[in-house]
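Read through the structure below, which is laid out as structure tokens, and then see the notes.
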Amino acid sequence: MVAPAVEAPVVIGLDVGGTKILSGLVDREGTVHAEHEVPSPDGSEEGVLAALDAAVGALLDDRVVAIGYGIPANLERGTGRIIYAMNLPLDDVDLVSRAQARFGLPVGVENDASAATLAEWRRGAGRGTQNLVMLTLGTGVGGGVVVDGRLFRGWAELGHVVVREGGEECTCGGRGHLETLASGSAGDRAAQELYGPGADAHVLVERAKAGDEAAREALARIGGSLGAAIASLVNIFDPELVVVGGGFGAAAGELVLEPARAAVRVEAIRPARTIVHVVPAELGSEAGLVGAGLVAFEALDGIR
């Protein structure tokens, strides 16, 4: 889908996930003017790179001045080289140089959760702040950090903060990580314990919103674990704001956010415990795409 009324300059942002690749035309204000979505291919690195090229090509025209990628991957600081991608067969890939050579445009690459953080900071719930932490609660837990008005460029694998020593095994091989306790997958497990093997996090949230006390208690426990992790991050980074997004985070809303705030009031040190605000994200499912577009503009402006 192309939007002929859009004037240059625009960029192409790509929100890349394990199940789909979403590309879009994005302007400097973070407005998305056109989108193109394809399933993420299974199998080889070559297949994924070809799909990324096709996602760019579907929107590429002479108005486009840069390309930005949000990738679920650990990136090499300073170069943006993909070291290892979660749920995609991309290991040790210099996507920046490859895309620059192919399309002849400035290119930026960022971790997908950090790109979403950039979007919420610049265009969403975090506008006007200088220090911010974001957590995205989806199938797993991602996140990003803004410190002194700059996006932290390290790995920021906030979903792998240890909340419960010796707890349930995480997909990464560790135990008791936030991802095992406060993700949509944690919601799935809680639902199955309460309602049987066919239940999932959607059922858990629906039952809780309908007044089911067991479902509300399960989400409160998830929120308590989330709050414990948030308090640790607050004690490290001293943010003005903590933004919680992701599909599961948005669906559960205050059912997890209020217990999380209660935990922060206990576990964060003074005066942060009474100052920091824990709020829902504003950009919803577009955060990753908008963030990837902002990454592209940073590449265009020589910030990356």
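This chain uses plain numbering: 1 for the first residue, then up along the sequence.
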Quick one: are [X] and [Y] in side-chain contact, heavy atoms under 4.5 Å?
| X | Y | result |
| --- | --- | --- |
| Val133 | Val243 | no |
| His36 | Leu14 | no |
| Pro106 | Val65 | no |
| Val146 | Thr129 | no |
| Thr136 | Leu158 | no |
| Leu241 | Val278 | no |
| Leu233 | Val242 | no |
| Val109 | Val295 | no |

Which is it for Glu168 and Arg189 under the salt bridge (charged side-chain N to carboxylate O under 4.0 Å, His left out) test, yes or no, and what are the steps along the way?
CA-CA 12 Å; Glu168 184 164 349; Arg189 290 192 299 274; 3.3 Å; yes

[X] side-chain N/O to [Y] backbone N/O, donor-acceptor pair under 3.5 Å:
| X | Y | result |
| --- | --- | --- |
| Asp200 | Val203 | yes |
| Arg164 | Gly176 | no |
| Gln192 | Ala199 | yes |
| Thr117 | Met134 | no |
| Ser183 | Gly140 | no |
| Glu240 | Val276 | no |

Only one of Leu90, Ile67, Leu49, Leu75 passes side-chain contact (heavy atoms from CB on, under 4.5 Å) with Leu95; say which it is.
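Only match with Leu95 under side-chain contact (heavy atoms from CB on, under 4.5 Å): Leu49.
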
Qualifying residue, where the test is side-chain contact (heavy atoms from CB on, under 4.5 Å) with Ser23 and the options are Val56, Leu59, Asp15
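Of the listed residues Val56, Leu59, Asp15, the side-chain contact (heavy atoms from CB on, under 4.5 Å) partner of Ser23 is Leu59.
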
Trace of the side chain to side chain contact (heavy atoms under 4.5 Å, CB included) decision for Phe248 with Val205
CA-CA 9 Å; Phe248 177 61; Val205 171; 4.2 Å; yes

Is there a donor-acceptor contact under 3.5 Å linking the side chains of [X] and [Y]?
| X | Y | value |
| --- | --- | --- |
| Thr171 | Glu179 | yes |
| Thr79 | Glu76 | yes |
| Tyr69 | Asn111 | no |

Set out, in order, the CA-CA distance, both residues' side-chain angles and the distance that settles side chain to side chain contact (heavy atoms under 4.5 Å, CB included) for Ile71 and Ile82, then state yes or no.
CA-CA 9 Å; Ile71 300 276; Ile82 295 171; 4.2 Å; yes

Would you say [Y] ends up clustered with [X] if hydrophobic residues are merged whenever their side chains have heavy atoms under 4.5 Å apart, either directly or through other cluster members?
| X | Y | answer |
| --- | --- | --- |
| Val145 | Val162 | no |
| Val64 | Phe297 | no |
| Val264 | Leu255 | yes |
| Leu226 | Ile236 | yes |
| Ile230 | Val147 | yes |

Rounded to the nearest 0.5 Å, how far apart are [atom1] of [X] and [atom2] of [Y]?
| X | Y | atom1 | atom2 | result |
| --- | --- | --- | --- | --- |
| Gln130 | Asp148 | CD | CG | 7.5 Å |
| Lys209 | Leu204 | NZ | CG | 11.0 Å |
| Arg77 | Asn74 | CZ | CG | 12.0 Å |
| Trp155 | Ser114 | CH2 | OG | 12.5 Å |
| Leu300 | Leu294 | CG | CG | 12.0 Å |
| Asp91 | Tyr84 | CG | OH | 7.0 Å |

Which heavy atom of [X] sits nearest a heavy atom of [Y], and at what distance?
| X | Y | result |
| --- | --- | --- |
| Pro280 | Ala125 | O-CB, 3.8 Å |
| Ala55 | Ile21 | CB-CG2, 3.8 Å |
| Ala99 | Val107 | CB-CG2, 3.8 Å |
| Arg123 | Gly30 | NE-N, 3.9 Å |
| Asp112 | Pro72 | OD1-CA, 3.3 Å |
| Gly245 | Ala281 | CA-CB, 3.8 Å |

Look at the rings of His177 and His160 and say which category their plane angle falls in: under 30° parallel, 30 to 60° tilted, over 60° perpendicular.
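Perpendicular: the ring planes of His177 and His160 meet at over 60°.
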
Intermediate values then yes/no, side chain to side chain contact (heavy atoms under 4.5 Å, CB included), Arg122 and Leu151:
CA-CA 10 Å; Arg122 293 272 181 81; Leu151 181 71; over 6 Å; no

Verdict with supporting geometry, Glu258 and Arg265, salt bridge (charged side-chain N to carboxylate O under 4.0 Å, His left out):
CA-CA 11 Å; Glu258 190 48 45; Arg265 288 192 290 269; 3.4 Å; yes

Asp53 and Arg98: salt bridge (charged side-chain N to carboxylate O under 4.0 Å, His left out), yes or no, with the steps?
CA-CA 10 Å; Asp53 290 343; Arg98 183 185 183 279; 2.9 Å; yes

Show your working on side chain to side chain contact (heavy atoms under 4.5 Å, CB included) between Val26 and His33 and close with a plain yes or no.
CA-CA 6 Å; Val26 184; His33 295 278; over 6 Å; no

Check against salt bridge (charged side-chain N to carboxylate O under 4.0 Å, His left out), Glu298 and Arg153
CA-CA 13 Å; Glu298 287 189 345; Arg153 305 290 188 193; 3.1 Å; yes

Check each of Glu29, Glu282, Glu120 against Arg127 using the salt bridge (charged side-chain N to carboxylate O under 4.0 Å, His left out) test, and report the only one that passes.
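It is Glu282, the one option of Glu29, Glu282, Glu120 that forms the salt bridge (charged side-chain N to carboxylate O under 4.0 Å, His left out) with Arg127.
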
